[in-house]
Amino acid sequence: MKNIPASLLHELQSVKGFNEADFLAAHTLPPPVSVRINPAKEIGLFATNERIPWCSNGVYLNERPVFTLDPAYHAGAYYVQEASSMFIEHMLKNVLLDKKGLRVLDLCAAPGGKSTLIASLLDKDSLLISNEVIRTRASILDENMTRWGHMNTWVTSNDPRDLGRLKGYFDVVVVDAPCSGSGLWRKDPRALDEWSQANVQMCGERQQRILADVWPALKQDGILIYATCSYSPQEDEQILDWLAGEYKVETPELAVPGEWNIVPVTTGNGLTGYRFYPHKVKGEGFFIAAILKKEEADTLRPVRFKPANDKKIQQQAGHLLRADDLVFIQTDKENYSAMPAGHEADMHLLQQAVYLRKTGLKLGKPAAKEWLPEHEVALSIDTNANIPFVEADREQALRFLKREEMGISGLSKGWQIIRYNGLGLGWVKALDNRVNNYLPKQWRIRMDIE
Ligand code: SAM
């Protein structure tokens with residue numbers, strides 16, 4: 001690895017928990033590999049692996065496998081995520097205390113690490129809005145959230161300012177901010193080339209802009225989670241101090257066991273954040289804080305809407321799902337989606353401010369004599385277990401994921417889900433003399449599977 005910039009090392013000398021010799025030594029070691037298991041798609045993977053202490057479903061792996069060649073990864077059985085950032089689970093559990101029916105925004109969400117984790121923590125009446133402003137990254141986010149399988153995670157692709165128009169709507173806003181990225185140098189040494197104090201300064205200004213834009217969307221007594229993967233105080237403690245200067249805020253007390261080696265830091269304005277150093281934890285550089293909004297927030301007027309449950313569609317497509325109390329709604333020109341009845345009002349309210357890219361569970365559309373199912377149904381955790389399926393072995397599953405001939409004979413005719421270890425991967429339709437593969441082209445594995 002190239003030399004770590006002297007100006008950063010110099011600046012960190014006075015920051016709590018920093019030790020130059022240990023920090024540099026940690027940068028000669030490879031980054032640990034970790035994954036987080038999807039508790040809603042638990043198939044007994046990694047059962048004996050070392051656990052990540054601050055995340056109930058996080059485990060370390062001894063080496064980095066080729067994840068692309070594991071069909072369980074494509075089925076959403078786990079997410080590959082850096083260990084330090086999984087601390088958000090401990091933080092949310094401490095501050096939310098199992099509250100139900102929450103409205104949560106993950107503002108800078110792609111590729112979906114924090115969003116998949118938050119989705120696993122929320123009850124089914126809660127709603128998570130995963131937003132990513134950059135369109136190409138929003139489609140990766142969409143794929144990852146679809147794999148995770150929760151219909152109460154919706155995807156938007158808007159500027160923070162648009163979300164700020166949803167005044168006082170969210171109980172929790174997560175800002176995992178774009179940053180100078182010094183905490184991830186072990187994973188991506190090329191990022192060292194792009195690092196400069198000028199960039200740190202630019203990132204700090206952008207972080208303030210993002211926070212100011214989204215702040216109106218947070219409720220009074222709501223919680224802002226602010227995180228970066230930068231060591232620079234300008235992007236961490238100084239941002240908390242900036243928040244304290246602009247707004248009325250507090251940081252709640254968190255119980256963090258000392259043996260986890262996470263370093264609590266107190267800012268000039270008396271707020272608390274948490275630093276993760278690679279020489280202290282088995283993970284990468286990370287900073288996170290939970291901030292309570294202690295000031296009044298404007299609120300939105302409820303929208304009036306005509307409930308639009310389509311009973312005919314419910315009859316045609318209802319058998320695909322096992323969840324009840326759902327409404328079946330047309331969400332674009334042709335397609336229908338299902339969502340809990342309690343989320344229909346949210347859809348109308350959100351539509352006033354943002355473009356809803358993924359809303360509820362996309363079911364597909366009716367055709368002349370059948371229902372044309374959407375890919376999402378195969379990956380959903382609410383899919384009806386009675387839908388015809390074929391259990392594929394690893395090689396057959398990988399062939400399906402490459403959109404190649406799978407080599408499965410004797411399929412009964414019609415639509416079926418291809419499963420791997422009991423988890424859905426996608427649809428096929430068996431005809432008299434061939435099997436059509438309905439995996440969306442953009443999901444296809446491009447790697448050699450031999
Ligand atoms: N939360 C993600 C996760 O856990 O997988 C990682 C988020 S990454 C640190 C920051 C994200 O912010 C990137 O996806 C980036 O595209 C997005 N971003 C960049 N500029 C932004 C801006 N001006 N406003 C909001 N988000 C921005």
Side-chain angles (χ1 to χ4, degrees), residues 34-36 38 52 54-55 57-58 67 76 78-89 91-92 104-121 128-148 153 155-166 170 172-185 187-188 191 194-195 199-217 224-232 235-236 239 276 283-289 353-355 357:
S34 48
V35 301
R36 189 169 32 73
N38 186 345
I52 297 172
W54 45 83
C55 180
N57 297 301
F67 291 113
Y78 61 92
Y79 188 92
V80 184
Q81 187 177 27
E82 188 284 303
S84 302
S85 56
M86 296 186 203
F87 182 75
I88 196 169
E89 172 179 317
M91 190 165 244
L92 283 174
V104 180
L105 169 64
D106 185 2
L107 183 66
C108 313
K114 312 281 180 314
S115 276
T116 48
L117 193 157
I118 296 165
S120 297
L121 296 177
L128 169 62
I129 304 301
S130 289
N131 178 69
E132 168 57 46
V133 65
I134 298 175
R135 286 284 153 106
T136 46
R137 289 177 61 79
S139 59
I140 298 164
L141 173 67
D142 199 329
E143 276 187 27
N144 283 329
M145 298 322 295
T146 298
R147 276 196 190 99
W148 211 246
T153 309
V155 176
T156 58
S157 180
N158 279 72
D159 190 275
R161 215 174 314 130
D162 301 329
L163 286 136
R165 303 214 306 259
L166 295 165
F170 291 104
V172 180
V173 172
V174 177
V175 177
D176 188 19
C179 70
S180 61
S182 45
L184 297 183
W185 280 336
K187 285 181 75 185
D188 181 13
E194 280 148 41
W195 191 91
N199 191 37
V200 168
Q201 166 91 17
M202 190 277 285
C203 288
E205 286 163 11
R206 181 169 58 189
Q207 287 148 1
Q208 291 178 7
R209 241 182 0 256
I210 291 174
L211 288 167
D213 282 346
V214 79
W215 186 253
L224 167 73
I225 304 281
Y226 176 73
T228 74
C229 52
S230 162
Y231 298 111
S232 296
E235 299 179 75
D236 299 340
I239 295 292
F276 293 68
E284 302 313 297
F286 186 56
F287 177 86
I288 190 163
V354 293
Y355 161 64
R357 194 192 152 106

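Not measured: the values here are computed from a predicted model. Start at 1 and go down the list; that is how both ligands and their atoms are numbered.
Of the protein's non-hydrogen atoms, the one nearest atom 11 (C) of ligand 1 is Cys108 CB, 3.7 Å. Closest to atom 27 (C) of ligand 1, if we only count protein heavy atoms, is Val133 CG1, 3.6 Å. Among protein heavy atoms, atom 2 (C) of ligand 1 sits closest to Ala110 O, 3.2 Å. Looking only at heavy atoms of the protein, atom 25 (C) of ligand 1 is closest to Pro160 CG, 3.6 Å. The nearest protein atom to atom 18 (N) of ligand 1, hydrogens excluded, is given as Pro178 CG, 3.8 Å; this is a heavy-atom distance.
For Glu205 and Arg209, the salt-bridge test fails: no basic side-chain N is under 4.0 Å from an acidic carboxylate O. Between Asp176 and Lys114 there is a salt bridge, with a side-chain nitrogen of the basic residue lying less than 4.0 Å from a carboxylate oxygen of the acidic one.
Arg36 places a side-chain N or O within donor-acceptor distance of the main-chain N or O of Gly113, the cut-off being under 3.5 Å. Asn158 places no side-chain N or O within 3.5 Å of a backbone atom of Leu163 that could act as its donor or acceptor partner. At least one donor-acceptor pair closer than 3.5 Å links the side chain of Ser34 to the backbone N or O of Gln81. When atom types are taken as modelled, the side chain of Trp54 and the backbone of Met91 share no donor-acceptor pair closer than 3.5 angstrom.
At a 4.0 Å heavy-atom cut-off, ligand 1 does not touch Cys229 at all. By the criterion of a heavy-atom distance under 4.0 Å, both the backbone and the side chain of Asp176 are placed next to ligand 1. Heavy atoms from both the backbone and the side chain of Lys114 come within less than 4.0 Å of ligand 1. Within the 4.0 Å heavy-atom criterion, the part of Ala177 lying near ligand 1 is the backbone and not the side chain.
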Evaluation steps, side-chain hydrogen bond (donor to acceptor under 3.5 Å, both in side chains), between Thr228 and Asp236: CA-CA 7 Å; Thr228 74; Asp236 299 340; 2.6 Å; yes
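Thr156 and Asn131 form a side-chain donor-acceptor contact under 3.5 Å, judged by distance and modelled atom types alone. Ser180 and Glu235 form a side-chain donor-acceptor contact under 3.5 Å, judged by distance and modelled atom types alone.
Shown in contact with Gly113 at under 4.0 Å from a heavy atom are these atoms of ligand 1, numbered in order with element: 3 (C), 4 (O), 5 (O). Within the listing of ligand 1, atoms 5 (O) sit less than 4.0 angstrom from a heavy atom of Pro111. Near Glu132, meaning under 4.0 Å from one of its heavy atoms, ligand 1 places the atoms 11 (C), 13 (C), 14 (O), 15 (C), 16 (O), 17 (C). Using a 4.0 Å cut-off to heavy atoms of Ile134, the atoms of ligand 1 that qualify are 16 (O). The atoms of ligand 1 that sit less than 4.0 Å from any heavy atom of Ile210 are 22 (C), 23 (N), 24 (N), 25 (C). Atoms of ligand 1 lying under 4.0 Å from at least one heavy atom of Arg137, given by number and element, are 13 (C), 14 (O), 15 (C), 16 (O).
The distance criterion of under 3.5 Å between nitrogen or oxygen atoms is not met by Leu107 with respect to ligand 1.
With ring centers used as reference points, Phe286 lies 6.0 Å or more from Phe87.
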